[in-house]
J.: 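Dropping a structure here in C-alpha cells format, bear with me for questions.
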There are 2 protein chains.
Amino acid sequence: MYSFTEENYLKTIYHLSQQKHLENVTTNAIADLLQTKAASVTDMLKKLADKKLILYVKYQGVNLTEKGFKVAIGTVRKHRLWEVFLFDKLKFGWEEVHEVAEQLEHIQSDYLIDKLDTFLNYPSVDPHGDPIPGKDGTIKSQTLTLLIDCKKNAQVVISGVKEHSVAFLQRLNEMELCLGKKLKIHEINEFDRCMIVMIDKEAKILVSNEVAKNILVSEA
Amino acid sequence: MYSFTEENYLKTIYHLSQQKHLENVTTNAIADLLQTKAASVTDMLKKLADKKLILYVKYQGVNLTEKGFKVAIGTVRKHRLWEVFLFDKLKFGWEEVHEVAEQLEHIQSDYLIDKLDTFLNYPSVDPHGDPIPGKDGTIKSQTLTLLIDCKKNAQVVISGVKEHSVAFLQRLNEMELCLGKKLKIHEINEFDRCMIVMIDKEAKILVSNEVAKNILVSEA
DNA sequence: AACTATTTTTAGGCTTGTCTAAAAATAGTC
DNA sequence: GACTATTTTTAGACAAGCCTAAAAATAGTT
C-alpha cells in the first residue's frame, strides 16, 4: 500500500494534470498545492519515479504512469465518497466537507469503501458536483457550462462549482444557492455582466460576474 | 494535537491500566500490545513524559496524567463510535469492525465526532458491548457477569464479550450468538462445566466452558 | 548476601518526509 | 549569442519512530 504522503502527491499531480491538459506537471505547482518546498517535492518525485508511479525527467516535470493514475483516481474516489457521507448523512455544510475528507481519504480498506459506496447508494457526484470515479477508475464527466456564459432567459440547474474555497461556498450559502437549484436568467447587465437571476421561480437575486464565473450549470 | 502514534501509546497505556488496576504499566506490556520493541517504547515514554501526558519513573513503569487520560479516553470514544458506525450503518460483522476503527480513531476533528455521535443517536455501547465514553470523558460501566458463572435455569441476555479476537467472534457467529440474544441455561455439565443453553426459547445449543468464560451477560 | 534471569534503558543507526542554502539548468530578454 | 531571472536540483541537516546490540537496573532464588 501507499503512504498518506504518497497518495497526496499522486492526487495532486492528477489534479494538476487535469487542469493543464497534455503538459507536464511542474515541481513548483506541486509545492504550491501541497504547501511545501520545491526541494521536498524533488525528493519525493525521485521516490515516486523509483516506484514506477510517475514518469519523471529532471527539470522537465512529471506525468502519472498507469499505476500512479490508479492510485490517484482511487484517492479521489475515496475523498469524494467521504464528502458525500459527511454532507448527506452527517449534515456537514458543503464548505466543511473538504477538510475532513482530506484525512478520511487515506484510510486503507477497499472493503470499507465498497460498503460506504453501497450505504450512500452509489452516488455519481460529490457535494460540489464533481464526478465520483467508479471502482474501475472510470469517470463519467458531464460537460457543464459556466453560468456567466448563459444567455438571457436561459433556464438552468446549478450542477457544480469551479471554485472550491470555503469563502466562495459560504458566499453561495448566503445567497441560498446550492446544487440542484433551478435558475432563470432574467437580465444581464451590459457593463459588468452581473446577472439578475430568478431562483425557483420566486426570488430575484443579483449575481456578480465574479460569482457567475465560478458556477457550473446544466440545462433545466 | 497528538500524532497517530502518540494516541496509540496513550490508548494502550489506558487499556493496560484498566486491566491491572492500581499497578503501573510496564514497558514490555506496552511493547507486546503495540507489536513493537521495548527500546522503542522507552523512547516514546520519554517523549510522552516531556509532554506531561504520563508519569514516568525509569524502571518503574508509567501512569497516565489527567491530560494523558483525556487523550486516551477521547481515542477510545472515537474508536467505539466508529465501530458502531461500521456495524450499524455499513453492516460490517462485529469481528470486522476493530481493524478499520483502529485507523478511523485517529481522524482529527471534534466536530466530526459530534456529528457522528448525533447520526448514530448517541449510542452507549459498541458492537462488542463495551461502553462508549461521553464527550466529557465519563464512562458508564455496567457490571456484567460471565456466562460461566451463571446458575442452572438462569435467564440472561448477552451483553458483552471478554475476548475480542476475530476467531472468537467468528465462533460466536457460527453459533448464532450475538449481542442481545436471550439465553436460558438448561443444563450445566458437572465434569467440564460445558452448558446446554436455550436461545430465544427455541434452539438448544452446547456452549463449551472456554466459550462461556468469554461471554458477558446481564439478567433478562 | 550473592548469583542469575529478566526487564528496562542507553547508544548508535535507519527510513520517511521535511527543511535551508547553494549550485545547476532552463527560460526570457536584449 | 550573452546576460539575467526563474525554476529545479543537490547537499547536508533535522524530527519522528522504529530497530539491534550492549549495558544497567531490578527481581527471584538459594
Side-chain angles (χ1 to χ4, degrees), chain A residues 1-13 16-17 19-20 22-64 68 71-72 75 102-103 105-108, chain B residues 1-13 16-17 19-20 22-64 68 71-72 75 102-103 105-108:
Chain A
M1 280 304 102
Y2 301 98
S3 73
F4 188 100
T5 312
E6 287 170 331
E7 285 189 339
N8 272 341
Y9 271 91
L10 293 170
K11 190 187 64 169
T12 300
I13 295 166
L16 287 167
S17 60
Q19 276 174 43
K20 327 214 164 180
L22 307 171
E23 290 177 62
N24 285 352
V25 174
T26 66
T27 303
N28 266 354
I30 297 168
D32 277 5
L33 254 182
L34 284 177
Q35 310 241 61
T36 184
K37 298 296 146 107
S40 310
V41 175
T42 302
D43 283 349
M44 181 57 80
L45 294 184
K46 285 187 205 160
K47 291 172 195 165
L48 295 175
D50 286 349
K51 296 185 183 181
K52 313 281 182 200
L53 292 161
I54 58 172
L55 296 172
Y56 169 53
V57 183
K58 266 191 198 174
Y59 296 103
Q60 304 303 312
V62 295
N63 275 300
L64 293 172
V71 177
T75 307
E102 283 287 293
Q103 295 183 63
E105 71 186 7
H106 302 292
I107 302 292
Q108 307 269 9
Chain B
M1 281 305 100
Y2 301 98
S3 73
F4 188 99
T5 312
E6 285 170 332
E7 284 189 340
N8 272 342
Y9 271 91
L10 294 170
K11 190 186 65 167
T12 299
I13 295 167
L16 287 167
S17 61
Q19 275 173 42
K20 327 215 163 179
L22 306 171
E23 290 178 61
N24 285 353
V25 175
T26 65
T27 303
N28 266 355
I30 297 168
D32 276 6
L33 254 182
L34 285 177
Q35 310 242 60
T36 182
K37 298 295 146 113
S40 309
V41 174
T42 302
D43 283 350
M44 181 57 81
L45 294 184
K46 284 188 206 160
K47 290 174 196 166
L48 294 175
D50 286 348
K51 295 185 183 179
K52 313 280 182 203
L53 292 162
I54 57 172
L55 296 172
Y56 169 53
V57 183
K58 267 189 198 177
Y59 296 103
Q60 304 303 312
V62 294
N63 275 300
L64 293 173
V71 177
T75 307
E102 283 287 294
Q103 294 182 63
E105 71 188 6
H106 302 293
I107 301 293
Q108 309 268 8

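Everything numeric in this text was worked out from a predicted model, so none of it was measured. Just the heavy atoms: all of them, side chains too, but no hydrogens, waters or symmetry mates, feed the values below. Below, read A as the first sequence line, B as the second, and so on, with proteins coming before strands; counting in each chain starts at 1.
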J.: Rounding to an integer number of Å, can you tell me how far Met44(A) CE sits from dT10(D) P?
T.: 16 Å

J.: Look at all strands and tell whether Thr42(A) reaches a base, only sugar-phosphate, or nothing, counting heavy atoms closer than 4.0 Å.
T.: base

J.: Which part of the nucleic acid, if any, lies within contact of Lys47(B), taking any heavy atom under 4.0 Å across all strands shown: a base, the sugar-phosphate backbone alone, or nothing?
T.: base

J.: If only side-chain N and O atoms of Ser3(B) are considered, is one of them under 4.0 Å from the OP1 or OP2 phosphate oxygen of dA16(D)?
T.: no

J.: Say whether, by atom type as modelled, one donor and one acceptor occur between the side chain of Glu7(B) and the main chain of Val71(B) under 3.5 angstrom.
T.: no

J.: Using the closest heavy atom to pick a nucleotide of DNA chain C for each, name whichever of Val41(B) or Lys51(A) lands nearer the 5' end.
T.: Val41(B)

J.: With a 4.0 Å cut-off on heavy atoms, is Thr5(B) in touch with a base, just the backbone sugar-phosphate, or nothing at all?
T.: sugar-phosphate

J.: Could you list all the side chain to side chain donor-acceptor pair (under 3.5 Å) pairs where at least one residue sits in residues 48-59 of chain A, not counting sequence neighbours?
T.: Glu6(A)-Lys51(A)

J.: Quick one: CZ on Phe4(A) to CD on Glu102(A), what's the gap to the nearest 0.5 Å?
T.: 7.5 Å

J.: Give one of base, sugar-phosphate or nothing for Tyr56(A), where a contact means two heavy atoms less than 4.0 Å apart.
T.: sugar-phosphate

J.: For Phe4(A), report the nucleic acid contact type (base, sugar-phosphate, nothing); a contact means any heavy atom under 4.0 Å.
T.: nothing

J.: Side chains of Thr75(A) and Leu10(A), heavy atoms from C-beta outward: is any pair under 4.5 Å?
T.: no

J.: Any side-chain to backbone donor/acceptor pair from Ser40(B) onto Thr36(B)? Under 3.5 Å, distance only.
T.: no

J.: Taking atom P of dG17(D) as reference, at what distance in whole Å does atom CG of Leu34(B) sit?
T.: 12 Å

J.: Would the distance check show the side chain of Asn63(B) and the main-chain N or O of Leu55(B) forming a donor-acceptor pair, the cut-off being under 3.5 Å?
T.: no

J.: What is the first contacted nucleotide of DNA chain C and what is the last, in 5' to 3' order, if contact means an atom lying under 4.0 angstrom from a heavy atom of chain A?
T.: dG17(C) to dT26(C)

J.: Considering all heavy atoms of both residues, which atom of Ile54(B) and which atom of Leu45(B) are nearest to each other, and what is their separation?
T.: CD1-O, 3.4 Å

J.: What is the distance, to the nearest angstrom, from the CG atom on Asp50(B) to the C1' atom on dG17(D)?
T.: 15 Å

J.: May I have the distance from Ile30(B) (atom CD1) to dG17(D) (atom C1'), rounded to whole angstrom?
T.: 15 Å

J.: Write down the distance between CD (Gln35(B)) and P (dG17(D)), rounded to a whole number of angstrom.
T.: 18 Å

J.: Under 4.0 Å, counting only non-hydrogen atoms across every strand here, what does Ser40(B) touch: a base, just sugar-phosphate, or nothing?
T.: base

J.: Rounded off to whole Å, could you give me the CG-to-P distance for the Asn24(B) and dA27(D) pair?
T.: 11 Å

